[in-house]
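Throughout, residue positions are numbered sequentially from 1 according to the sequence presented. As the structure is a prediction and not an experimental result, all values here were calculated from the model.
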Amino acid sequence: MPVLVMKFGGTSVANLDRIKRAAKRIGVEVAKGYDVIVIVSAMSGKTNELVGWVNETSPLCDAREYDAVVSSGENVTAGLMALTLQEMNIPARSWQGWQVPVKTTSAHSQARIEEIPSENITAKFAEGMKVAVVAGFQGVSPEGRITTLGRGGSDTTAVAFAAAFDAERCDIYTDVDGVYTTDPRVSEKARKLEKIAFEEMLELASLGAKVLQTRSVELAMRYKVRLRVLSSFEEQSDDAGTLVCDEEEIMESNVVAGVAFSRDEAKMTLISVADRPGIASIIFGCLSDAGVNVDMIVQNISEEGRTDMTFSLPTDQVSRAEKALDALKDTGGLNFGELDVDGDVAKVSVVGIGMRSQSGVAAKMFKVLSDDGINIKVITTSEIKISVLIDRKYMELAVQALHDAFELEKTA
């Protein structure tokens with residue numbers, strides 16, 4: 001039988017009624033002749049509750065016990081979903097990560113999947129099981145301990161299972177009905193995309209779009225897993241949602257596929273840094289060791305052997321970065337004049353595979369922002385994206401203006 005992977009997020013399984021609704025969708029796919037692997041998240045809010053309990057009990061907790069507690073939410077959902085399907089006379093059973101087994105690294109709370117042997121589940125399908133309900137977000141380390149994959153890890157679990165079982169498709173059910181050209185809450189003209197290329201989705205996910213976890217899209221692109229993003233709250237047709245697929249499957253597309261944004265950005269500038277070989281390695285090595293995720297980087301022209309180094313980072317990592325750089329300066333590892341921090345910026349990006357073959361996108365983007373009086377602080381580009389850092393108060397205006405300028409409400 002062909003295999004289909006279906007993943008249900010926390011809002012889709014938030015209570016028993018929603019679990020029953022999801023089970024009916026699974027029943028439809030079983031009736032079509034699929035062997036179905038269902039990946040479930042914890043019920044909405046449950047993971048936050050479990051994390052809160054851990055932090056209240058032990059602020060500096062043993063990461064192994066953290067994973068043991070936090071992974072339990074998915075176990076509950078998996079069991080309830082299997083029971084619901086059995087009540088519908090659909091042969092189903094639940095699987096925890098260690099039972100599959102989902103083999104991961106030993107990096108507790110941020111483990112990565114290394115292998116998913118298919119033998120156990122395939123054998124049960126051969127015996128008549130129609131649905132394997134797998135607890136997402138979790139696996140087992142080489143030491144035999146429960147691990148978790150980081151927040152949003154159930155998306156990664158689903159894609160990994162689709163790759164391991166050569167699934168026909170991986171359907172991600174969530175609280176939105178697809179991938180939009182931008183956030184509909186910011187622009188009322190936002191349009192749902194029928195298809196989007198892996199590379200575009202990866203850029204959008206990494207730039208602030210929260211529909212899919214970045215790691216899941218990376219995995220889907222590597223193994224050519226066709227993803228479909230759907231709403232679990234609307235009636236579905238065969239062409240519902242948005243298909244995330246290979247570029248070759250998309251006949252025509254707009255030059256720009258979407259506008260992404262991130263509110264929680266900050267800009268830091270090291271003023272008057274020695275301009276010599278290895279200085280960037282010292283700065284960003286220090287930040288990496290401190291767990292700071294640096295994004296946009298700009299270095300100014302050198303004057304009299306000194307230069308300025310500017311970069312962006314998440315706002316919640318500013319204090320960590322300041323502490324690391326000040327410590328490096330105090331020990332003599334880095335000499336700079338002062339550290340300037342701007343915590344009131346946002347990142348706005350345009351993304352599209354059509355940018356590879358069409359010029360003028362950057363010029364048009366910069367003119368649109370200029371016409372609206374929006375000053376650009378930092379610019380970075382790649383083959384299919386242009387990102388700018390601007391004052392946060394202009395973020396929504398910039399998104400709306402760019403969405404209109406590139407006519408994203410229209411199909412190609």
(message) Salt bridge or not between Arg226 and Glu249? Use side-chain N to carboxylate O under 4.0 Å.
(response) yes
(message) Whether the side chain of Ser118 engages the backbone of Thr122 through a donor-acceptor N/O pair (distance < 3.5 Å, no angle test) should be reported.
(response) no
(message) Set out, in order, the CA-CA distance, both residues' side-chain angles and the distance that settles salt bridge (charged side-chain N to carboxylate O under 4.0 Å, His left out) for Asp344 and Lys267, then state yes or no.
(response) CA-CA 8 Å; Asp344 197 26; Lys267 178 172 72 73; over 6 Å; no
(message) So which atom in Ala135 and which in Glu74 form the shortest heavy-atom distance, rounded to 0.1 Å?
(response) CB-CB, 3.7 Å
(request) Run the numbers on Arg392 and Thr315 for side-chain contact (heavy atoms from CB on, under 4.5 Å), then give the verdict. (result) CA-CA 12 Å; Arg392 190 175 298 151; Thr315 52; 3.6 Å; yes
(request) Without swapping roles, check the side chain of Thr242 against the backbone of Leu193 for a donor-acceptor pair under 3.5 Å. (result) yes
(request) Could you tell me whether a side-chain N or O of Ser216 sits under 3.5 Å from a main-chain N or O of Leu212, the two making a donor and an acceptor? (result) no
(request) Report yes or no: does Lys103 contribute a side-chain atom to a donor-acceptor pair with the main-chain N or O of Gly139 at less than 3.5 Å? (result) no
(message) So, taking the atom named CD1 in Ile250 and the one named CD in Glu194, what distance separates them when rounded to the nearest 0.5 Å?
(response) 10.5 Å
(message) So, taking the atom named NE2 in His108 and the one named SG in Cys61, what distance separates them when rounded to the nearest 0.5 Å?
(response) 11.5 Å
(request) For the pair Thr77 (side chain) and Gly73 (backbone), establish whether a donor and an acceptor sit closer than 3.5 Å, ignoring hydrogens and angles. (result) yes
(message) Between Thr104 and Thr147, do the side chains contain a donor N or O and an acceptor N or O under 3.5 Å apart?
(response) yes
(request) With side-chain contact (heavy atoms from CB on, under 4.5 Å) as the test, would you mind laying out the steps for Thr174 and Leu230 before giving the verdict? (result) CA-CA 6 Å; Thr174 181; Leu230 309 120; over 6 Å; no
(message) Would you say CZ of Arg64 has more than 12 non-hydrogen atoms from neighbouring residues, nucleotides or ligands within 6.0 angstrom?
(response) no
(request) Please confirm whether the backbone N or O of Gln96 pairs with a side-chain atom of Gln99, one donor and one acceptor, at under 3.5 Å? (result) yes
(request) Look at the side chain of Arg112 and the backbone N and O of Leu149, then say whether any donor-acceptor pair between them is shorter than 3.5 Å. (result) no
(message) Taking the side chain as everything from C-beta on, heavy atoms only, tell me whether Tyr173 gets closer than 4.5 Å to Arg25.
(response) yes
(request) State, with a plain yes or no, whether a side-chain heavy atom of Asp67 is found less than 4.5 Å away from one of Arg145. (result) no
(message) Against the six-membered ring of Phe406, is Lys364 placed for a cation-pi contact (under 6.0 Å from the centre, within 45° of the normal)?
(response) yes
(request) Kindly indicate whether the side chain of Arg18, heavy atoms from C-beta on, has any atom under 4.5 Å from the side chain of Phe233. (result) yes
(request) Would you check if the side chain of Thr148 reaches a backbone N or O of Gln138 as a donor-acceptor pair within less than 3.5 Å? (result) no
(message) Testing the basics here: between Val102 and Val100, what is the closest heavy-atom pair and its distance to 0.1 Å?
(response) N-CB, 3.8 Å
(message) Side chains of Val134 and Ile37, heavy atoms from C-beta outward: is any pair under 4.5 Å?
(response) yes
(message) Any salt bridge linking Arg191 with Glu409? Criterion: basic side-chain nitrogen under 4.0 Å from a carboxylate oxygen.
(response) no
(request) Tell me, with the steps shown, if Asn15 and Arg21 meet side chain to side chain donor-acceptor pair (under 3.5 Å). (result) CA-CA 10 Å; Asn15 53 48; Arg21 186 185 183 98; over 6 Å; no
(message) Would you say that more than 12 heavy atoms from the other residues, nucleotides or ligands in this model lie under 6.0 Å from the NZ of Lys329, or not?
(response) yes
(message) Any non-hydrogen side-chain atom of Asp275 less than 4.5 Å from a side-chain atom of Gln299?
(response) yes
(message) I want to check something: taking the side chain as every heavy atom from C-beta on, are Ile301 and Thr307 in contact at a cut-off of under 4.5 Å?
(response) no
(message) How close do Ile26 and Met81 get, counting heavy atoms only, and between which atoms?
(response) CD1-SD, 3.9 Å
(request) First locate atom CD of Glu338, then atom CD1 of Ile271, and finally report the distance between them rounded to the nearest 0.5 Å. (result) 4.0 Å
(request) Would you name the heavy atoms of Ala405 and Val368 that are closest together and state the gap between them? (result) CB-CG2, 3.4 Å
(request) Kindly indicate, with the supporting measurements, whether the criterion side chain to side chain donor-acceptor pair (under 3.5 Å) is fulfilled by Thr156 and Gln213. (result) CA-CA 7 Å; Thr156 302; Gln213 189 211 38; 2.3 Å; yes
(request) Please determine if Lys192 and Asp177 form a salt bridge, counting it only when a charged side-chain N lies under 4.0 Å from a carboxylate O. (result) no
(request) Measure the spacing between SG of Cys245 and CZ of Arg169 and express it to the nearest 0.5 Å. (result) 12.0 Å
(request) Find out whether Ile172 and Cys170 are in side-chain contact, i.e. whether some heavy atom of one side chain is under 4.5 Å from a heavy atom of the other. (result) yes
(message) Between Asp171 and Lys7 (salt bridge meaning N to carboxylate O under 4.0 Å), is one present in this structure?
(response) no
(message) Whether Lys347 engages the ring of Phe261 as a cation-pi pair (distance to the six-membered ring centre under 6.0 angstrom, angle to the ring normal within 45°) should be assessed.
(response) no
(request) Walk me through it: do Ile279 and Arg276 pass the test side-chain contact (heavy atoms from CB on, under 4.5 Å)? (result) CA-CA 6 Å; Ile279 198 68; Arg276 57 179 174 78; 3.8 Å; yes
(request) Please say whether more than 12 non-hydrogen atoms of neighbouring residues, nucleotides or ligands are located less than 6.0 Å from CD in Glu248. (result) yes
(message) Please determine whether the number of non-hydrogen atoms from other residues, nucleotides or ligands lying under 6.0 Å from atom CZ of Arg306 exceeds 12.
(response) yes
(message) Closer than 4.0 angstrom, basic N to acidic O: yes or no for Lys377 and Glu265?
(response) no
(request) Check Val225 against Val159 and note the closest heavy-atom contact, atom names and distance. (result) CG2-O, 4.1 Å
(request) Please indicate whether Met88 has more than 12 foreign heavy atoms, meaning atoms of other residues, nucleotides or ligands, lying under 6.0 Å from its CE. (result) yes
(message) Quick check against the 3.5 Å criterion: does Glu247 have a side-chain atom that pairs as donor or acceptor with the backbone of Ile353?
(response) no
(request) Check each of Leu408, Val259, Thr182 against Ser187 using the side-chain contact (heavy atoms from CB on, under 4.5 Å) test, and report the only one that passes. (result) Thr182
(request) Please report the shortest heavy-atom distance between Ala290 and Ala324, naming the atom on each side. (result) CB-CB, 3.8 Å
(request) For Thr310 and Ile297, run side-chain contact (heavy atoms from CB on, under 4.5 Å): C-alpha distance rounded to whole Å, both residues' side-chain angles, the deciding distance at 0.1 Å, then the answer. (result) CA-CA 6 Å; Thr310 298; Ile297 302 172; over 6 Å; no
(message) Tell me whether Asp264 contacts the main-chain N or O of Pro314 through its side chain, where contact means a donor paired with an acceptor under 3.5 Å.
(response) no
(request) Could you please spell out the steps behind the salt bridge (charged side-chain N to carboxylate O under 4.0 Å, His left out) verdict for Lys393 and Asp391? (result) CA-CA 6 Å; Lys393 64 183 178 181; Asp391 285 331; 5.3 Å; no
(request) Flag yes if more than 12 heavy atoms outside Tyr394 fall under 6.0 Å of its OH atom; otherwise flag no. (result) no
(request) Begin with the C-alpha distance, continue with both residues' side-chain angles, and end with the deciding distance and a verdict on salt bridge (charged side-chain N to carboxylate O under 4.0 Å, His left out) for Lys410 and Glu407. (result) CA-CA 6 Å; Lys410 300 178 182 178; Glu407 299 183 323; 3.3 Å; yes
(message) Side chains of Leu325 and Leu339, heavy atoms from C-beta outward: is any pair under 4.5 Å?
(response) yes
(message) The test is side chain to side chain donor-acceptor pair (under 3.5 Å); show your working for Ser106 and Glu143 and say whether it passes.
(response) CA-CA 8 Å; Ser106 300; Glu143 296 79 25; 2.6 Å; yes
